[in-house]
Structure formats: structure tokens, C-alpha cells
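Numbering of residues begins at 1 and proceeds along the displayed sequence.
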Amino acid sequence: MSWRTIVISRRAKLDYQLGYMVVRNEEITKIHLSEISTVLVESTAVSLTASLLSELTKKKIKVIFCDEKRNPSSELVGYYGSHDTSNKIRKQIQWSSGMKEAVWTEIVTDKIRKQKELLENLGKEESELLDSYLGEIQWNDETNREGHAAKVYFNALFGVSFTRTADSLVNAALNYGYSIILSAFTREVTANGYITQLGLFHDNMFNQFNLASDLMEPFRILIDWKVVHMKLQQFEHEEKMQLVNMLNHEVRIDGKVQYVNNAIKIYCKSIFDALNENDSSLIRFYKVEL
């Protein structure tokens, strides 16, 4: 499996040559495409050849472009993620509401469980309240335990005055990290032949990444954990690279230790298997030592 996240943070020209991405600036660096999972183009002073973009798309390598403030603003998404994309989309449209609700219930449960574990790791007594929410989760999270848990969780992590809508360094870091994780999930959704607009729970007509937004929920905690320990005084290039590097953090999934990038592949594949075979027991969640 590919594993490298390549960050281009200064002026450079990128092109393709005999299976390699060639980075030309003061020096020339060659990286074989088979090693690359994600390319983050952080600087707007970067030029890329059409042949490189074509090869990156064929290899299903996620390419993220940043704006003038070096924040992720767009990404490269291929039209055809799988040879049988049309058949996959038909199946996606036919996923039963009952099965989608079953999968969403599992996702929400795992998300709150991981939030509880992080609070336990930090010695926060609010973990007990999240533990009680786990026992109260109903089918399809009809009583919105996820929303209640989020308020308790974020206030425990960042203070009772914290809100996710505030203009702050913490929110800037969280949003940046979440956008990197979301991009990894959109890559896997499209690489498996599905479309990102049709979600399980998320159903916003203005969100073209509804399905990726659903699937990424348990992985948000990895970003939360990192941001809590960063003790932010600023949010610049070094801090952003720490969040990008979370894709190379090791977790355990399906009995093996994997990088987060690969864990996302395994997890997404298990979700699609569960939906297509009407069996939520096929879902494989990751575990991590925080």
C-alpha cells in the first residue's frame, strides 16, 4: 500500500517521468508514484504538468491544493474510481434505509467511544458522562447522543467557553486537520467506485462530500488528540505539517498495525462490504493507544 504524504510548500515545478513524480526547485527530487498516497500542494507558486495530474489520477493518489493562506481549498477527484463505477453507484442508490441506519448507529457509537477514551486518557471526569451516553444510543441515534456528546467533549477538551464557530487558533487547527482527513475519505469513496454526494446520515444539498463526512466521524478524534497536545501559540506551516503527518500515525485495525492512511482504506472497504451484504458486523474500526 502507498504511504507517503508529499507536501510541496515552496516554489517548484512538478512533472512526470517514467513512473516518478519529479519535483524541480533548487534540487531535483524523484518519488515513485507507488509510494505516494497524498500530495499536498501548499504553495500557490507551484506548477504541475497535465501528464503528472493524469498519472496521479490513474493511480488514485489524492491531490490537495491550498489557497494563498495555505489552507486546503480544493482537490483532484477522478471521474472514474473503479472499472465498474456505474454498477457501484446503482448499488449505492439501492442501499436500504435500514442498513444505512444500522451502519450510522455503529459509526456514532464508535465515535463517542473514542471521545470517551480520549477524555479518560486526559483524566477528564466528563468521560463518565460520555460513557452513559454510549448506553443511551438508540437506533440511528434518534435522540442525538452524538450532538450531546460533542458539546460535553469539546468543553472538556478546550474549556466551557469554547465553541466550534469561534475564530480561534484551536478551531483553525481542527478545521485544517479535519479537511485533511476528509480528503483522505473522499479519495477512498471515489477509488471504490462510489459517489461522495449520497450520504448515510449527512444529507446537505450543498455538501458534495456527504458520504465522506459520514465515514470520517470516528477519525476526527485523531485530530482532536493532536490539537490538544499542540498547545497552540500560532498556527503556521510547522503546526499544519504536524496535522498532515497524522496520516502516518500508527493504529491497529483488523488485527494489524497500520498507518492511518491504510486504516482508512480498510475501514472504508469494510463499510461498503457491510452495506452491500446487509451485515454491519463486517465493519472494521481502528484502535489506537493515545
Side-chain angles (χ1 to χ4, degrees), residues 69-72 104-137 141 143-185 201-202 207 209 212-253 259-261 263-264 267 285-290:
K69 296 180 180 179
R70 297 180 180 267
N71 292 319
W104 178 244
T105 305
E106 294 290 339
I107 289 174
V108 168
T109 301
D110 190 66
K111 178 184 180 181
I112 297 177
R113 182 183 298 113
K114 285 181 168 59
Q115 290 176 329
K116 174 188 76 85
E117 290 171 352
L118 176 54
L119 294 186
E120 283 179 344
N121 178 267
L122 296 172
K124 303 287 187 179
E125 62 183 18
E126 290 86 350
S127 64
E128 297 179 5
L129 185 53
L130 264 63
D131 191 45
S132 70
Y133 288 160
L134 281 172
E136 297 170 358
I137 294 176
D141 192 28
T143 57
N144 192 28
R145 294 299 93 183
E146 181 199 16
H148 291 290
K151 179 175 176 55
V152 172
Y153 172 73
F154 281 114
N155 287 345
L157 289 181
F158 304 114
V160 293
S161 62
F162 176 81
T163 64
R164 281 288 289 127
T165 56
D167 184 7
S168 66
L169 290 175
V170 168
N171 275 324
L174 291 174
N175 292 339
Y176 187 91
Y178 293 159
S179 70
I180 297 298
I181 296 291
L182 178 64
S183 291
F185 274 90
F201 175 78
H202 287 82
N207 180 8
F209 304 123
S213 298
D214 287 326
L215 303 188
M216 72 176 283
E217 292 294 353
F219 284 76
R220 289 177 180 269
I221 286 75
L222 294 171
I223 299 300
D224 304 336
W225 171 77
K226 186 62 179 179
V227 172
V228 164
H229 287 87
M230 288 172 73
K231 302 188 184 304
L232 292 166
Q233 299 298 317
Q234 61 178 8
F235 187 61
E236 301 296 340
H237 176 72
E238 181 180 343
E239 290 75 23
K240 291 176 180 178
M241 292 307 98
Q242 290 183 48
L243 292 172
V244 171
N245 196 49
M246 285 305 297
L247 293 174
N248 294 321
H249 191 75
E250 289 186 343
V251 298
R252 180 172 291 276
I253 187 168
Y259 291 119
V260 169
N261 243 330
I264 289 173
Y267 163 73
F285 291 109
Y286 75 92
K287 295 181 181 179
V288 61
E289 295 294 331
L290 296 172

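- Counting all heavy atoms, side chain and backbone alike, D110 lies closest to P218 at OD2-CB, 3.4 Å.
- A donor-acceptor pair is defined here as one N or O able to donate and one able to accept, closer than 3.5 Å; no such pair exists between the side chain of H249 and the backbone of N245.
- With a 6.0 Å radius and a threshold of 12 heavy atoms from other residues, nucleotides or ligands, E136 has its CD atom above the threshold.
- Partner E236 forms a side chain to side chain contact (heavy atoms under 4.5 Å, CB included) with one of E238, Q233, Q234, K240 and no other, that one being Q234.
- Partner L118 forms a side chain to side chain contact (heavy atoms under 4.5 Å, CB included) with one of L157, V288, L130 and no other, that one being L157.
- The distance from atom NE2 of H229 to atom CG of L122, rounded to the nearest 0.5 Å, is 5.5 Å.
- At most 12 non-hydrogen atoms from other residues, nucleotides or ligands lie less than 6.0 angstrom from OH of Y259.
- Interatomic distance, T105 OG1 to I107 CD1, rounded to the nearest 0.5 Å: 9.0 Å.
- Relative ring orientation between Y176 and F235 is described as perpendicular, the plane-to-plane angle rising above 60° on a 0-90° scale split at 30° and 60°.
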Does the side-chain contact (heavy atoms from CB on, under 4.5 Å) test come out yes or no for R220 and I181, once each step is laid out? CA-CA 8 Å; R220 289 177 180 269; I181 296 291; 6.0 Å; no
Under the side-chain contact (heavy atoms from CB on, under 4.5 Å) criterion, do I264 and M216 qualify, and how do the steps go? CA-CA 9 Å; I264 289 173; M216 72 176 283; over 6 Å; no
Under the side-chain contact (heavy atoms from CB on, under 4.5 Å) rule, what do F158 and L174 come out as? Steps first, then yes or no, please. CA-CA 12 Å; F158 304 114; L174 291 174; 4.1 Å; yes
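- When side chains are defined from C-beta on, R113 counts as touching T109, because their heavy atoms get closer than 4.5 Å.
- Between S213 and N207, the closest heavy-atom pair is OG-ND2, 3.3 Å.
- Cation-pi check for K114 over Y286 is met; the charged atom lies under 6.0 angstrom from the ring centroid and within 45 degrees of its normal.
- Side-chain N or O atoms of Y267 include one that pairs as donor or acceptor with a backbone N or O of L215 at under 3.5 Å.
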For K116 and E120, what are the C-alpha separation, side-chain angles and deciding distance, and is it a salt bridge (Lys or Arg N to Asp or Glu O under 4.0 Å)? CA-CA 6 Å; K116 174 188 76 85; E120 283 179 344; 3.2 Å; yes
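- Taking the side-chain hydrogen bond (donor to acceptor under 3.5 Å, both in side chains) definition, one finds that N155 meets it with nothing, sequence neighbours left out.
- In summary, the aromatic rings of F185 and F209 are positioned with their centroids too far apart to meet the 6.0 Å limit.
- Put simply, the side chain of D141 gets close to the backbone of E146: a donor and an acceptor are under 3.5 Å apart.
- The OH atom of Y133 lies 10.5 Å from the CD atom of E126; values are rounded to the nearest 0.5 Å.
- Residue V227 comes nearest to A173 through the heavy atom pair CG2-CB, 3.9 Å, listed as atom of the first residue, atom of the second, then distance.
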